Amino acid sequence: MKFPIYLDNSATTPVDPRVLEAMLPYFKEKFGNASSRSHSFGWIAEEAVDYAREQVARLIQADPKEIIFTSGATESNNLALKGVFEMYQSKGNHIITVVTEHKCVLEAARHLERQGAEITYLPVNSKGEIDLSQLEDAIRPTTVLISVMYANNEIGVIHPIREISAIAERHGVLLHTDATQAAGKVPIDVKKEGIHLLSMSAHKMYGPKGVGCLYVRRRNPRVKVTAQMDGGGHERGMRSGTLNVPGIVGFGAACEICSREMKQEAERLSYLRNKLEIALLQIEEVALNGSTENRLPHLTNLSFKWVEGEGLMMAFNKDIAVSSGSACTSASLEPSYVLKALGLGDELAHSSIRFSLGRFNTEEEIDYTIERVTDAVQRLREMSPLWEMYKEGIDLKTVEFRPH
Amino acid sequence: MAYSKKVLDHYENPRNVGTLDKNKINVGTGLVGAPECGDVMRLQIEVDPETQRIIDAKFKTFGCGSAIASSSLATEWIIGKTVDEAMQLNNMDIVEELALPPVKIHCSVLAEDAVKAAINDYRVKNGLPPIAVEEPASQNVNN
């Protein structure tokens, strides 16, 4: 077994060696600018980009022309929200999204609010799910866009995109989905699922960082977004800037591998995830966060009551890399807004750990993780005054704490 | 964020974890912080009534590694001191000793608060007025 064990694949994934291999020539001898039309350097680069565009499109059953390469999902999400808002201003200024979206969607929405947009932030239930009738009720004549993530990055809950798109369709509203966590992990079909815009990122699926795309539907309906960057009019005028050829080649290769291996990989990962989850839930006072019905196969988010997440991680983070919803790990000192949106108290959000598995994890690593985490929880609880009070049967709500 | 060697040492080998009998007249207990803030420290002292020296101290902490290390260090420092000497404990000394980064200064503040709360609990139990505690320095703006 090699240490440290990486169980934070929802943050980023290592580049698959096959992906790296595909990219390398495009740093060296095939370094051309894909927009150079006058020589073979440019033609070779353009050909590589076209091929990658097909590989990416195939992963989500899109047409290659519908793929707009970007620097990653943050840019794609910004382009989707801001680009739709600007393009469809004559139709309306209302956008519907969800409180558990990634910060780049929420912050883009806040930005648009300052520009005169009206935003509805739908709440979620204790499992992280939205209420579809509430979504439909939120639609107004001025609604131009619904933006709901395909799967959540902290708890892995998959939203019912087909049902959401049926609602969007009924009301003539566009649907954008941030599929950063889902693409390459679960099958996506933009046509059958009625998705108009979709964001994804290469580095969450064993591709390189700094590249992603926005799918923009071309037919039924033809969707357009206003470019957010002025320049040479690359990517059908929606995203200017010299194409990141090696990155795009890597993204394409990563998508192709995912298309091919997704099914077996999802089975393997859900087996390992379930093994980890079942074992850790054996520990007293451990709670699972989010729905278990519709969720990503490789992720579990658990709250280890009466121990603080960062303190717990410290017991094993030399050997096992995970992430926590604890405030201490974030710059803001606020615990996870996603977990709080599920109605978890701050103290449970502080006690949460996300385990996200990936292509290179082995069963041996999962067995080791079970052992180390179980020991750490026990050790930290022996040090926890809250655990002692809980064990003595003291209701913590009656204890007078002094928030500082 | 990487932890300093001293934080790691206190985290891995915490000194004086445990519980003293809070009902004893010469034991003072301080409970500070709140679960929703992500740190709770309970620090206890046992005082020799003759000499007014702290003969034992124990802690239990719910919190991050820096919070655990701060409380561990605080117990280590106050054992053997008189109550009055321990009352002089300054959180910035903990910050310096453990090389805490700015976002973790509140952990040291909490440890100082816990010591002072334990001393005042002891004083009140023994018919003495509590000593007014000044707001410790460098409170993090986010807290």
Side-chain angles (χ1 to χ4, degrees), chain A residues 285 303-318 323-336 339-340 344-352 375-377 379-392 394-404, chain B residues 1-3 7-8 10-12 14-19 22 29-44 58-69 71-72 91 101-114 116-117 133 135-136 139-143:
Chain A
E285 293 290 294
S303 283
F304 299 88
K305 293 186 192 174
W306 324 120
V307 291
E308 196 275 334
E310 189 192 342
L312 178 61
M313 281 195 300
M314 199 171 157
F316 51 76
N317 66 5
K318 266 190 295 189
S323 69
S324 168
S326 150
C328 290
T329 54
S330 73
S332 66
L333 292 177
E334 282 294 319
S336 155
L339 296 179
K340 285 175 73 174
L344 255 72
D346 278 12
E347 67 276 20
L348 276 178
H350 279 293
S351 299
S352 73
D375 285 352
V377 172
R379 189 171 103 79
L380 270 286
R381 280 181 174 168
E382 278 161 18
M383 257 193 261
S384 165
L386 304 181
W387 177 250
E388 187 183 299
M389 290 178 208
Y390 164 74
K391 278 284 159 187
E392 284 172 359
I394 296 168
D395 179 0
L396 277 115
K397 287 190 182 71
T398 66
V399 178
E400 210 177 302
F401 287 106
R402 290 174 36 191
H404 59 296
Chain B
M1 157 181 21
Y3 296 99
V7 169
L8 282 171
H10 277 280
Y11 176 83
E12 277 158 17
R15 329 307 191 236
N16 310 308
V17 173
T19 308
K22 64 174 185 286
T29 301
L31 180 69
V32 298
E36 61 270 24
C37 301
D39 341 73
V40 177
M41 279 183 199
R42 191 195 59 202
L43 193 143
Q44 296 178 297
K58 296 279 182 210
F59 82 93
K60 279 199 177 185
T61 291
F62 163 86
C64 65
S66 302
I68 290 168
S71 34
S72 168
N91 80 291
V103 295
K104 296 296 184 187
I105 289 177
H106 72 277
C107 298
S108 71
V109 171
L110 209 56
E112 180 187 322
D113 278 358
K116 293 182 175 173
V133 177
E135 273 299 295
Q139 268 283 17
N140 194 298
V141 287
N142 286 311
N143 281 283

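The chains referred to below are lettered A, B, ... by the order of the sequence lines, with proteins before strands, and numbering in each begins at 1. For clarity, every value in this text was computed on a predicted model and none was experimentally measured.
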message: Using side-chain contact (heavy atoms from CB on, under 4.5 Å), reason through B/Met41 and B/Leu31 one step at a time and then give a plain yes or no.
response: CA-CA 6 Å; B/Met41 279 183 199; B/Leu31 180 69; over 6 Å; no
Which region of [X], side chain (C-beta onward) or backbone (N, CA, C, O), has a non-hydrogen atom less than 4.5 Å from a non-hydrogen atom of chain B, or is it both or neither?
| X | answer |
| --- | --- |
| A/Lys340 | neither |
| A/Trp306 | backbone |
| A/Leu312 | backbone |

task: Give the minimum heavy-atom separation between B/Asp39 and B/Ala67, together with the two atoms involved.
output: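 That would be OD2-CB, 4.1 Å.
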task: Report the C-alpha distance between A/Glu285 and A/Lys391 in whole Å, list the side-chain angles of each, state the deciding distance to 0.1 Å, and finish with yes or no for salt bridge (Lys or Arg N to Asp or Glu O under 4.0 Å).
output: CA-CA 11 Å; A/Glu285 293 290 294; A/Lys391 278 284 159 187; over 6 Å; no
- prompt: Side chain, backbone, both or neither: which part of B/Val40 has an atom under 4.5 Å from a heavy atom of chain A?
  reply: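 For B/Val40, backbone and side chain are both near chain A.
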message: Between B/Ile68 and chain A, with a heavy-atom cut-off of 4.5 Å, which part of the residue counts as in contact: side chain, backbone, both or neither?
response: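 Contact with chain A: side chain only.
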message: We want to know whether A/Ser324 and A/Glu310 form a side-chain donor-acceptor pair, criterion being a heavy-atom distance below 3.5 angstrom.
response: no
- prompt: Can you tell me if A/Ser303 and A/Ser351 form a side-chain donor-acceptor pair at under 3.5 Å?
  reply: no
field: Pick from B/Gly65, B/Gly63, B/Ser66 with the largest number of heavy-atom pairs that fall under 4.5 Å of chain A
entry: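 When all of B/Gly65, B/Gly63, B/Ser66 are compared, B/Gly63 has the most.
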field: Winner by heavy-atom pair count (cut-off under 4.5 Å) against chain B, out of A/Arg379, A/Glu382, A/Met314
entry: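 Sorted descending by pairs with chain B, the first entry is A/Met314.
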message: Test salt bridge (Lys or Arg N to Asp or Glu O under 4.0 Å) on A/Arg381 and A/Glu388; report intermediate values, then the result.
response: CA-CA 8 Å; A/Arg381 280 181 174 168; A/Glu388 187 183 299; over 6 Å; no
